[in-house]
There are 2 protein chains.
Amino acid sequence: MDRQGARAKTGAQSGRAPVTLAQIARQAGVHVSTVSRALSLDDDVRDGVAAETATLIRGLAEELGYQRDPAGAALRTGRSRMLGVLVPRLTDIVLATIYEGIDAAASAAGYHTVVANTGDDPEMQQRRAHALLARRVDGLVLGDARSDCDLVAELARQQIPLVLVSRRLPGRVSVTTDDTLGGRLAAEHLLGLGHRRVAVVAGEPYASTGVERTQGFLDAFAEAGLPVPKSHVIGSAFDVPGGRAATDHLLGLRPRPTAVFAVNDFAAIGVMAAVRDAGLTVGQDVAVVGYNDVPLAAALPVPLTSVRSPMYRMGEVAATTLVNMLNGKPGRSRRLRPALMARASTLGDTPPGPVP
Amino acid sequence: MDRQGARAKTGAQSGRAPVTLAQIARQAGVHVSTVSRALSLDDDVRDGVAAETATLIRGLAEELGYQRDPAGAALRTGRSRMLGVLVPRLTDIVLATIYEGIDAAASAAGYHTVVANTGDDPEMQQRRAHALLARRVDGLVLGDARSDCDLVAELARQQIPLVLVSRRLPGRVSVTTDDTLGGRLAAEHLLGLGHRRVAVVAGEPYASTGVERTQGFLDAFAEAGLPVPKSHVIGSAFDVPGGRAATDHLLGLRPRPTAVFAVNDFAAIGVMAAVRDAGLTVGQDVAVVGYNDVPLAAALPVPLTSVRSPMYRMGEVAATTLVNMLNGKPGRSRRLRPALMARASTLGDTPPGPVP
DNA sequence: TGAGGCTACGCAAACGATTGCACTTTGGTC
DNA sequence: GACCAAAGTGCAATCGTTTGCGTAGCCTCA
């Protein structure tokens, strides 16, 4: 036979071979199965061994620096204790923050996470999702669900435990902010400041975030008797160039809108840049509202009014929900509360007051 | 015995049990070892099976949708084909970009990556590194090496294959930009514009990035016969508040510096904010240079002059280096070339020219 | 024709952890 | 004092893959 056993087992710890249950068993003078039980993660199993024996074993495990081999455990149990996470891109601070929340909650529950970028591209989503499944992750957190393709449906058909985060999809368990309410908050803020002619930079049509934020905003204006014309709602990429391009168009409208709601902060920064380039002043000539309240928003030369969404918390809740589902509990969707942070981009340099 | 085998094997694919080598072997009428060889990643092993048999087996594997079970393979070989990555924080776009490069190169080489945030905190680094090792990663990419603690030395002592990225440490394999050169480029740019009284926002002392960028900058000014006084070099956190705080101090100096070099872009944004708050104009009264050239730099109201570093590429090279090391090749350090991107924050609104 | 070599494959033993079942021991009850 | 239950532990199989060795068959060359 091979003399593999003589070599170090893991590539990473090539120094000394890792401690196994068998070694602990030998030293404790018990069978390896008893050691396994004493160190089990499952309380019921752990209770099956005498308190005295358990203490001895756990002491020994600690002393020898035992670390359960995930490969052995996964092979036997069929559970890898890893969660897969798909995001459009990690360089987007919103998704990065959500991911940090996911990872923190997963760690706390004894899971590791493996994250992959999909660039919001359906083919890439497909590829990356299958790569994660090939790694035998126990479940998926999807941060890039699109309403215009059926990856999620396909995964659901395969009974793969999954939770959506940030974006929603009908009939799926998701953890998001209440985007409709968020859009409404933005609208009410602008209405309160006296704005009557407003425009929306609406994001991509396949993302529920942009769609619902837009809808909430439009609803509020409609209810106030000031419906926003379709020509004033324009799609865009979720980044600075996207917001800039949309705004170049909006500033051409006559009469010009006095306020713009962009469905995320990066688009809003693009809006501000375009306004500035047009020789206008943000907060005076044109009010701008963003969404998410990324840390940068408050640090901008003209601080950006934005709808704050609890991104980190969203990630935590999503991961916790998935872990619960893996433990057999039913998953249910959650919509977290957003809150408006008013700043100079709508208030100008002067205290708030109606703008005629 | 338990009837575990009857249940689905993986949590994620609870629908249908995954295909195994044994199933393919049965259908192909060969032994499972032959199937293993035919599907091996190792060319030498794969050549050991007849071309005809191999074709049959690979066809069957494709048809049945076979995916190697990483747990089984890892258990046998002791290699998990996973790389651990430690970063200060993924919400920092610089590290997020580097990580994207790492992950892309790792994927291409058949590895998955598991990333963890350490918040640049030594205790957290320790915890997270050990959690990754408990997952039996084959090696580590460290993006948060500190010169003031000995985690890296400890890991090296345990013979754990590792590559540093972004930050260097003497005697370790690392992939960075040539930060000394980068600092020099910033200095030469300012010298060329005629600046004589300059200051440096130097970052944290434990990070080689800040230290070397500062050193390169100071060297160039010293060589030009214009040594920068120690009082004009001030430490800072690597973020917006850090840059702001440092600048509040620098602007109090008399005579006031005409230019500030911040060792990263976020600190530079803080510098710009502080300059603005002091009633001065960036690019006119005070020139500002950043480092990394994050996408936002060019999109700022006053576009930021910055030393561009190939962040994504740095990640790719780091991952490739680590994979090579795992394959027995010796690792060697690389320093990638930075390049200065001149913009309005140093040039003002007018074309460049000497500033008296 | 027979020895030697090579090719292609089979055999079986691991890797480390988990768990259903069987067994022993202990303690309690009638 | 006999019987039973419960608690604690051991036994052994099993998850899926890899790989050193053994061997059957074929070809080559003397």
Side-chain angles (χ1 to χ4, degrees), chain A residues 1-11 13 17-26 28-42 44-57 61 66-81 134 136, chain B residues 1-11 13 17-26 28-42 44-57 61 66-81 134 136:
Chain A
M1 251 294 88
D2 51 338
R3 45 208 76 87
Q4 150 79 41
R7 278 214 320 272
K9 251 290 301 201
T10 61
Q13 301 185 330
V19 184
T20 69
L21 288 187
Q23 294 176 38
I24 299 180
R26 206 174 316 124
V30 297
H31 193 263
V32 38
S33 65
T34 305
V35 179
S36 172
R37 278 186 274 256
L39 301 175
S40 172
L41 299 169
D42 182 341
D44 299 347
V45 174
R46 211 170 30 221
D47 289 348
V49 20
E52 198 183 359
T53 320
T55 318
L56 168 65
I57 291 175
Y66 171 75
Q67 312 254 59
R68 183 192 331 281
D69 185 330
L75 184 57
R76 176 61 226 253
T77 63
R79 300 188 61 176
S80 63
R81 295 197 152 261
R136 304 294 205 267
Chain B
M1 249 303 79
D2 53 336
R3 45 208 76 87
Q4 150 80 40
R7 279 213 321 273
K9 252 291 301 200
T10 63
Q13 301 183 331
V19 185
T20 68
L21 289 186
Q23 296 176 36
I24 299 181
R26 206 175 313 125
V30 297
H31 192 264
V32 36
S33 65
T34 305
V35 180
S36 172
R37 278 186 273 255
L39 300 176
S40 172
L41 299 169
D42 182 343
D44 299 348
V45 174
R46 210 170 31 221
D47 290 347
V49 22
E52 197 184 359
T53 319
T55 319
L56 167 66
I57 290 175
Y66 171 76
Q67 312 254 59
R68 171 183 293 95
D69 185 330
L75 184 56
R76 176 60 227 247
T77 63
R79 300 188 60 177
S80 64
R81 296 197 150 261
R136 304 293 205 266

Check this for me: does the side-chain of A/Arg37 come within 3.5 Å of the base of D/dG10 through a donor and an acceptor?
yes

Answer with yes or no whether B/Thr34 presents, from its side chain, a donor or acceptor under 3.5 Å of a partner atom in the base of C/dC9.
no

Specify the closest pair of heavy atoms between B/Ala71 and A/Ala74, including all atoms of both residues, with the distance to one decimal.
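Minimum heavy-atom separation between B/Ala71 and A/Ala74: CB-CB, 3.8 Å.
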
Can you see which heavy atom on A/Leu39 is nearest to which on A/Arg68, and at what distance?
O-NH2, 3.4 Å

Beyond-backbone contact of A/Ser36 with A/His31, side-chain heavy atoms, under 4.5 angstrom:
no

Under 4.0 Å, heavy atom to any atom of DNA chain C: which of residues 45-52 of chain B qualify?
B/Gly48, B/Val49, B/Ala50

What integer distance in Å separates [X]:[atom1] from [N]:[atom2]?
{"X": "B/Gln67", "N": "D/dT17", "atom1": "CD", "atom2": "P", "result": "11 Å"}
{"X": "A/His31", "N": "C/dT24", "atom1": "NE2", "atom2": "C1'", "result": "15 Å"}
{"X": "B/Arg26", "N": "D/dT17", "atom1": "CZ", "atom2": "P", "result": "12 Å"}
{"X": "A/Leu39", "N": "C/dT19", "atom1": "CG", "atom2": "P", "result": "13 Å"}
{"X": "B/Ile24", "N": "C/dC9", "atom1": "CD1", "atom2": "C1'", "result": "17 Å"}
{"X": "B/Leu56", "N": "C/dA8", "atom1": "CG", "atom2": "C1'", "result": "14 Å"}
{"X": "A/Asp44", "N": "D/dA7", "atom1": "CG", "atom2": "C1'", "result": "15 Å"}
{"X": "B/Leu21", "N": "C/dC9", "atom1": "CG", "atom2": "P", "result": "16 Å"}

Looking at [Y], is its backbone amide N or carbonyl O close enough to the side chain of [X] to form a donor-acceptor pair, meaning the two atoms are under 3.5 Å apart?
{"X": "A/Arg46", "Y": "A/Ser40", "result": "yes"}
{"X": "A/Thr77", "Y": "A/Ala73", "result": "yes"}
{"X": "A/Thr55", "Y": "A/Ala51", "result": "yes"}

A/Leu21 and its side chain to side chain contact (heavy atoms under 4.5 Å, CB included) partner, picked from A/Asp69, A/Thr34, A/Val35:
A/Val35

Is A/Thr53 close enough to D/dG8 that one of its side-chain N or O atoms is under 4.0 Å from OP1 or OP2 there?
no

Of the listed nucleotides [options], the one nearest the side chain of [X]:
{"X": "A/Leu75", "options": "C/dA17, D/dA12, D/dG16", "value": "D/dG16"}
{"X": "A/Asp69", "options": "D/dT19, D/dT17, C/dG16", "value": "C/dG16"}
{"X": "B/Ala73", "options": "D/dA12, C/dC11, D/dT17", "value": "D/dT17"}
{"X": "B/Thr20", "options": "D/dG16, C/dT19, C/dA17", "value": "D/dG16"}

